Peer 1: 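Quick one: structure below, then a few questions.
For reference, positions follow the sequence shown, starting with 1. Source: prediction; values computed, not measured.
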Amino acid sequence: DRPNLLILDEPTNHLDIDGREELLNALNDYEGAVLLISHDRRVIEACADRLLLVADQRVERFDGDMDDYRDLILSRDEASGAEAAATRPASKAGQRRVAADRRFALKPLKDTMDKCEREVTRLHSELEKLDLELAAPGLFDQQPAKGTELAKLRADAARRLSAAEARWIAAAEQYEAAQDQSG
């Protein structure tokens with residue numbers, strides 16, 4: 001039965017990179033409506049056609065993008081507190097300087113996240129190569145020692161991949177939390 005509506009609450013939690021990619025592809029190919037609740041900005045940017053703002057006991061279409069949404073939330077915070085208004089630079093140059101400082105502060109976390117992602121990609125490639133070698137016809141009949149060695153290498157690569165994916169997820173969560181904290 002082909003549903004016309006999917007309601008997904010934080011669907012990317014605990015998914016590895018490939019799982020996230022597959023989910024995004026499936027959501028983008030899905031012909032029905034999708035109600036997606038997520039704190040993962042990249043997921044929203046990758047597949048949302050329309051944003052809805054739920055506030056003040058109403059649901060309204062939001063015509064901006066995620067940056068506009070962040071600005072709206074910040075402006076609401078600023079309106080409710082004089083402290084936030086005092087810390088926001090008034091000039092464009094000041095805003096650019098603050099943005100550059102923010103990027104500089106987040107760079108080590110982003111670099112770590114990117115490094116972990118590259119490691120996961122490399123290990124996926126390694127596993128694919130080992131899988132191809134293990135799938136060779138007659139490998140275990142003609143070269144059982146080589147087959148055993150390749151199986152051990154594959155198990156080790158799978159273990160390293162699992163650990164690398166866990167590091168990538170942790171790094172991505174740290175980066176996203178730091179982004180949220182820095183505005």
Side-chain angles (χ1 to χ4, degrees), residues 1-3 5-51 65-67 69-70 99-183:
D1 303 20
R2 302 177 60 78
L5 173 66
L6 293 178
I7 300 174
L8 305 172
D9 185 11
E10 299 291 352
T12 58
N13 281 2
H14 309 294
L15 291 181
D16 62 12
I17 293 172
D18 290 336
R20 284 175 180 240
E21 188 68 29
E22 290 299 318
L23 177 66
L24 291 177
N25 288 337
L27 290 176
N28 286 326
D29 291 342
Y30 181 66
E31 294 181 12
V34 176
L35 175 62
L36 176 68
I37 297 118
S38 180
H39 288 93
D40 189 336
R41 179 181 177 142
R42 284 173 281 162
V43 170
I44 295 168
E45 289 172 339
C47 64
D49 294 333
R50 187 176 332 157
L51 299 175
D65 60 13
M66 291 302 294
D67 290 326
Y69 175 73
R70 186 190 71 233
D101 290 345
R102 181 174 174 251
R103 282 191 304 274
F104 182 76
L106 292 173
K107 187 172 183 344
L109 293 173
K110 180 155 181 21
D111 289 348
T112 299
M113 181 180 69
D114 292 344
K115 179 182 174 188
C116 291
E117 189 170 0
R118 286 190 301 274
E119 178 69 5
V120 166
T121 301
R122 186 189 68 73
L123 287 167
H124 272 287
S125 295
E126 186 178 325
L127 277 174
E128 287 176 11
K129 289 176 186 173
L130 288 167
D131 286 343
L132 283 174
E133 289 184 65
L134 284 165
L139 172 67
F140 287 94
D141 291 334
Q142 298 167 3
Q143 297 176 307
K146 182 179 179 181
T148 301
E149 182 61 26
L150 288 172
K152 287 179 184 178
L153 289 172
R154 192 202 185 285
D156 181 58
R159 180 192 52 74
R160 288 183 289 132
L161 174 61
S162 180
E165 286 173 339
R167 286 190 303 274
W168 176 80
I169 289 170
E173 288 172 353
Q174 284 180 328
Y175 177 70
E176 289 169 8
Q179 277 185 313
D180 291 343
Q181 287 177 352
S182 68

Peer 1: Quick one: closest heavy-atom pair of Ala178 and Leu109, and the distance?
Peer 2: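 Closest approach of Ala178 to Leu109: CB-CD1, 3.4 Å.
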
Peer 1: Quick check: closest heavy atoms across Arg42 and Ala172, and the distance to 0.1 Å?
Peer 2: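 Here Arg42 and Ala172 meet closest at NH2-CB, 4.1 Å.
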
Peer 1: Could you pull out the closest heavy-atom pair between Glu117 and Ile17, with the gap in Å?
Peer 2: CG-CD1, 3.5 Å

Peer 1: Can you see which heavy atom on Leu134 is nearest to which on Ala151, and at what distance?
Peer 2: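 Looking at all heavy atoms of both residues, the shortest contact is CD2-N, 3.8 Å.
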
Peer 1: Report the distance from atom CG of Leu150 to atom CD of Gln143, rounding to the nearest 0.5 Å.
Peer 2: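 Taking CG in Leu150 and CD in Gln143, the distance rounds to 9.0 Å.
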
Peer 1: Just how far is it from atom NE2 of His124 to atom CD of Glu128, taken to the nearest 0.5 Å?
Peer 2: 8.0 Å

Peer 1: Can you name the closest pair of heavy atoms from Leu15 and Ile169 and give their distance?
Peer 2: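 Distance-wise, the nearest heavy atoms are O-CD1, 3.5 Å.
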
Peer 1: Roughly how far apart are Ile37 CD1 and Asp9 CG, rounded to 0.5 Å?
Peer 2: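 Ile37 atom CD1 to Asp9 atom CG measures 4.5 Å (nearest 0.5 Å).
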
Peer 1: Taking 4.0 angstrom as the limit, do Lys146 and Glu149 come out as a salt bridge?
Peer 2: no

Peer 1: Do Asp16 and Trp168 touch side chain to side chain, with heavy atoms closer than 4.5 Å?
Peer 2: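 No - every pair of side-chain heavy atoms lies 4.5 Å or more apart.
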
Peer 1: What distance separates Tyr30 OH from Leu8 CG, expressed to the nearest 0.5 Å?
Peer 2: 9.0 Å

Peer 1: I'd like to know if Asp114 pairs up with Lys110 as an ion pair, taking the criterion as any Lys NZ or Arg NE/NH1/NH2 lying under 4.0 Å from an Asp or Glu carboxylate oxygen.
Peer 2: yes

Peer 1: Hey, are the side chains of Ile44 and Leu51 touching, using non-hydrogen atoms and a 4.5 Å cut-off?
Peer 2: yes

Peer 1: Rounded to the nearest 0.5 Å, what's the gap from CG on Asp40 to CD on Glu45? Could you check?
Peer 2: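 These two atoms lie 9.0 Å from each other.
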
Peer 1: Does a salt bridge link Arg154 with Glu126, judged by any charged N lying under 4.0 Å from a carboxylate O?
Peer 2: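 Between Glu126 and Arg154 there is no salt bridge, as every charged N stays at least 4.0 Å from the carboxylate O atoms.
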
Peer 1: Quick check: do Lys115 and Thr112 have side-chain heavy atoms less than 4.5 Å from each other?
Peer 2: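 Result no, sub-4.5 Å side-chain heavy-atom pair not found.
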
Peer 1: About how many Å separate CD1 of Ile7 and CG of Leu36, when rounded to the nearest 0.5 Å?
Peer 2: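 Here the interatomic distance stands at 11.5 Å.
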
Peer 1: Should the pair Asp156-Arg160 be classified as a salt bridge under the 4.0 Å nitrogen-to-oxygen rule?
Peer 2: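 Result for this pair is yes, salt bridge flagged.
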
Peer 1: Taking all non-hydrogen atoms of both residues into account, name the closest pair between Leu139 and Gly147 and its distance.
Peer 2: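 Scanning both residues, the minimum pair turns out to be CD2-CA, 3.8 Å.
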
Peer 1: Can a donor-acceptor pair be found, under 3.5 Å and without considering hydrogens, that links the side chain of Ser162 to the backbone of Ala158?
Peer 2: no

Peer 1: Could you tell me whether the side chain of Asn28 and the main chain of Leu24 form a donor-acceptor pair under 3.5 Å?
Peer 2: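 Answer holds: yes.
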
